[in-house]
Amino acid sequence: MKYLVRDKIFSIGDDYWIEDEEGRHAFLVDGKAMRLRDTLELKDPDGQVLVTLRQKMFSLRDAMTIERDERPLATVRRKRLSLLRNHYRVTLVEGTELDVSGRILDREFTVEYDGELLAHISRRWFHVRETYAVNVVREDADASLLVAVAVCVIRMAERED
């Protein structure tokens, strides 16, 4: 399933819709203004909060947490910078680790678990420069988590740039 993201409004306080490949609203990214740290909520079309993304405070390295039902679900951190790719590590609370690598700022990267592709984020599928897709490859994957991971790593990469 592909989710389409309009890549023009990534600032605190801005809200935007992520659509499925049929053009229906799939997720609302609700930016929370007036907070000490960067906070976003990923909601379903009915307004139900699926996950909350927060900039982690007092961390040695830049990090964001992903929470579900006000409990930590995952932490996203920059892994290492190599000459060719940006790398991020997503650590789920039960210890599972996802690897995010590719050209984050170009919106060409993947999310993998133990070498298996879970999602591919790309602009190549579109002629409009401000649009990219989060293609969730596995049907049993948590789409809201993978979309949240994509939003997190892009925000973190843009802050570092």
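The shown structure was predicted, so the numbers you read here are calculated from the model rather than taken from an experiment. One is the number of the first residue; the rest follow in order along the sequence. What's counted below: heavy atoms across the whole structure, side chains too, no hydrogens, waters or symmetry copies.
Pro45 approaches Ala26 most closely through the heavy-atom pair CD-O, 3.3 Å. Gly31 and Asp15 make their closest contact through N-OD1, 3.1 Å (heavy atoms, listed as atom of the first residue, atom of the second, distance). Across Met1 and Glu21, no two heavy atoms sit closer than the pair SD-OE2, 3.5 Å. Taking all atoms of both residues into account, the shortest heavy-atom contact from Thr131 to Arg123 is O-CG, 3.4 Å. The two residues Asp20 and Tyr3 make their nearest non-hydrogen contact at CA-CD2, 4.2 Å.
Counting heavy atoms from C-beta on, the side chains of Pro72 and Thr65 never come closer than 4.5 Å. Here the side chains of Lys43 and Val49 are in contact, with some heavy-atom distance below 4.5 Å. Glu108 places a side-chain heavy atom less than 4.5 Å from the side chain of His120.
To the nearest 0.5 Å, the span separating CG on Leu50 from CG on Leu73 amounts to 11.5 Å. In this structure, the separation between CZ on Arg54 and CD on Glu67 is 4.5 Å, given to the nearest 0.5 Å. Once rounded to the nearest 0.5 Å, the distance linking CG of Leu98 with CG of Asp114 reads 10.5 Å. We find the CZ-CD1 distance between Arg155 and Ile104 to be 15.0 Å, quoted to the nearest 0.5 Å. The NZ atom of Lys2 lies 12.5 Å from the CD1 atom of Ile121; values are rounded to the nearest 0.5 Å. In this structure, Tyr88 OH and Asp99 CG are separated by 12.5 Å, a value rounded to the nearest 0.5 Å.
Hydrophobic clustering of Ile, Leu, Val, Met, Phe, Trp and Tyr side chains at less than 4.5 Å, counting indirect connections, keeps Ile18 apart from Val137. Residues Val134 and Leu28 do not share a hydrophobic cluster, defined by chaining ILVMFWY side chains whose heavy atoms lie under 4.5 Å apart. Hydrophobic clustering places Val51 together with Ile154 (ILVMFWY residues linked when any side-chain heavy atoms are closer than 4.5 Å, directly or through intermediates).
Every side chain to side chain donor-acceptor pair (under 3.5 Å) that Thr96 has, sequence neighbours left out, goes to Glu94.
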If you look only at distance, which donor and acceptor atoms sit under 3.5 Å apart when one is on a side chain in residues 143-153 and the other is two or more places apart or in another chain?
unit_1, atom_1, unit_2, atom_2, d
Ser144, OG, Arg68, NH2, 3.0
Ser144, OG, Asp142, OD1, 2.8

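In this structure a side-chain-to-backbone donor-acceptor pair under 3.5 Å is missing from Thr110 to Glu112. Between the side chain of Asp30 and the backbone N or O of Leu40, no donor-acceptor pair lies under 3.5 Å. A distance-only check finds no donor-acceptor pair linking the side chain of Asp46 to the backbone of Gln48 [under 3.5 Å].
Below 30°, between 30° and 60°, or above 60°: for Trp17 and His25 the angle between ring planes is below 30°, a parallel geometry.
Under the 4.0 Å criterion applied to side-chain N and carboxylate O atoms, Glu158 and Arg107 are assigned as salt-bridge partners.
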